[in-house]
Amino acid sequence: MKILLVIGGGIAAYKAAELVRLIRREGGSVTCVLTEGGAHFVTPLTLAALSENPVHTTLWDLKNEVEMGHIRLSREADLVVVCPATADLMARMAAGMANDLATTLLLATDKPVMAVPAMNVRMWQHAATVANVATLRARGVTVMDPDEGAMACGEFGPGRLPEPDAIMAAITQHLVPRLRPLTGRHVLITAGPTHEPIDPVRYIANRSSGRQGFALAAAAAEAGATVTLVAGPVSLPTPPGVQRIDVQTAREMAAAVTAALPCDVAIMVAAVADWRAADAATQKRKKDGSGHIAPLDLIENPDILAGLSHGTARPRLLIGFAAETEQVIDHARAKLARKGADWIIANDVSGDVMGGADNTVHIIRADGVESLPRMAKAEVARAIIAKVADAFC
Ligand code: CTP
């Protein structure tokens with residue numbers, strides 16, 4: 001959870017420092033933006049020390065413009081929290097003004113925004129503020145209701161900044177479900193190659209590294225899903241929050257998939273060996289001196305994806321991968337129909353994709369093809385998981 005925290009100029013600004021601490025305790029990261037007014041109540045040094053991130057104060061900081069850029073700053077967060085949101089700051093937000101760094105970021109962001117108001121009771125109840133809050137809420141900004149009680153100015157009524165614990169709870173309650181859209185869903189993923197023994201020292205395999213499947217498991221877990229990852233033999237760390245089941249052969253993979261059902265989404269990324277030795281030798285196969293290799297009988301492995309598609313516990317969304325070296329889209333379309341999947345993610349593996357860091361994929365559905373640009377496998381994974389989440393909304 002990455003939070004961009006915009007701190008307005010009010011006496012309650014000191015509570016923003018406590019909020020930074022709470023967000024970090026929940027595992028989130030915080031980047032603070034301090035308005036000119038905010039800097040009168042809390043120092044950049046305090047916020048930098050608590051957030052362990054640079055604090056941004058001005059639109060005209062050329063160094064930051066070059067290194068970060070205010071547009072990027074506004075988009076890198078998962079959500080933007082304005083705390084305290086003063087009457088002035090909310091008025092400028094409602095008017096679409098961009099006359100300082102905070103309002104520029106708020107106008108430029110494409111991320112959810114939550115405002116936590118704090119002001120004098122009469123300012124809160126003024127028709128102008130009431131209208132501004134209504135405008136912001138109508139545009140999708142989550143505006144918390146302020147607390148009621150004695151105010152720093154000596155008056156009494158609604159306008160106090162809610163306690164940091166309550167703000168943290170509101171962040172979790174209102175915004176985390178938007179960030180974790182697969183909460184409550186079970187996503188089953190296969191990844192990596194399978195090893196099909198020929199004898200105790202040899203096996204049939206392929207070049208799959210498992211990286212794309214592991215990245216998908218990580219992205220699904222980040223999106224809040226319960227993730228079961230059935231992994232062939234790979235040397236990759238288990239992504240946080242993922243339940244991993246290690247297997248060697250296609251038949252073990254098929255059994256592990258069946259045991260993990262039911263699931264809402266299955267993404268079959270594994271490069272399953274199509275064939276296995278009909279009779280794996282119990283002792284090492286030896287050369288017989290004739291100069292000819294002894295024949296190796298192969299039989300076909302079960303098709304795990306097709307089995308899921310035609311089985312009784314078919315997931316609501318069934319996704320296959322197609323690693324192709326030519327006619328990528330045509331072959332993937334044929335696989336979509338043959339295997340009964342809802343989507344096939346096709347990639348061209350004729351270059352350095354297998355084992356590499358990047359991937360270029362095409363999403364093939366019955367109603368069309370969507371091509372994604374070449375990206376790091378982690379980015380491909382996030383893009384696919386975002387589309388999976390959309391499919392469930
Ligand atoms: N797959 C599977 N079980 C198999 C073979 C493949 O579940 N025994 C799945 C893969 O995980 C992938 C999809 O089917 O999601 C396509 O895999 P691929 O190896 O590209 O297709 P094949 O069926 O092997 O077809 P071909 O060898 O003709 O390319």
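When a ligand or atom number is given, it counts from 1 through the structure's own listing order.
There is no path of hydrophobic side-chain contacts, each under 4.5 Å, that joins Val227 to Val230.
A donor-acceptor contact shorter than 3.5 Å is absent between the side chain of Ser309 and the backbone of Leu305. No donor-acceptor distance shorter than 3.5 angstrom exists from the side chain of His186 to the backbone of Ala225, with no hydrogens or angles considered. In terms of modelled atom types and a separation under 3.5 Å, the side chain of Asn206 and the main chain of Ala271 share a donor-acceptor contact. Side-chain atoms of Asn347 do not come within 3.5 Å of backbone N or O of Val361 as any donor-acceptor pair.
Counting protein heavy atoms only, atom 17 (O) of ligand 1 is closest to Phe321 O, 3.6 Å. The single protein non-hydrogen atom nearest to atom 15 (O) of ligand 1 is Met268 O, 2.5 Å, given as residue, atom name and distance. With hydrogens left out, the protein atom closest to atom 4 (C) of ligand 1 is Val272 CB, 3.6 Å, a heavy atom. In this structure, the protein non-hydrogen atom closest to atom 7 (O) of ligand 1 is Leu305 N, 2.8 Å.
Residue contacts with ligand 1, taken as heavy atom pairs separated by less than 4.0 Å, involve Asp274 solely via side-chain atoms from C-beta onward. When heavy-atom distances to ligand 1 are checked against a 4.0 Å cut-off, Arg338 comes that close only through its side chain, counted from C-beta outward. Residue contacts with ligand 1 for Lys335 involve side-chain atoms from C-beta outward but no N, CA, C or O (heavy atoms, distance under 4.0 Å).
At least one N or O atom of Lys339, backbone or side chain, sits closer than 3.5 Å to an N or O atom of ligand 1. In terms of N/O distances under 3.5 Å, ligand 1 is approached by Ile304. When only interatomic distances are considered, the shortest N/O to N/O separation between Ala322 and ligand 1 does not fall below 3.5 Å. Not a single N or O atom of Ala273, backbone or side chain, sits closer than 3.5 Å to an N or O atom of ligand 1.
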| task | For Thr129 and Asn132, run side chain to side chain donor-acceptor pair (under 3.5 Å): C-alpha distance rounded to whole Å, both residues' side-chain angles, the deciding distance at 0.1 Å, then the answer. | result | CA-CA 5 Å; Thr129 307; Asn132 290 332; 5.4 Å; no

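Inspection of the Thr86 and Asp88 side chains reveals no N or O donor paired with an N or O acceptor under 3.5 Å. Using modelled atom types, one finds a donor on one side chain and an acceptor on the other under 3.5 Å when comparing Arg92 with Asn99. Under 3.5 Å, the side chains of Thr31 and His56 contain no donor-acceptor pair of N or O atoms. Looking at His362 and Ser371, their side chains do bring a donor and an acceptor atom within 3.5 Å of each other.
Against a heavy-atom cut-off of under 4.0 Å, Ala323 is close to the following atoms of ligand 1: 20 (O).
One option in Gly320, Ala270, Ala306 has a heavy atom closer to atom 10 (C) of ligand 1 than any other, and that option is Ala270. Compare Pro302, Ala250, Ser208, Ala191 by their heavy atoms: the one nearest to atom 8 (N) of ligand 1 is in Pro302.
Atom 25 (O) of ligand 1 is approached by the protein to below 4.0 angstrom, counting heavy atoms only.
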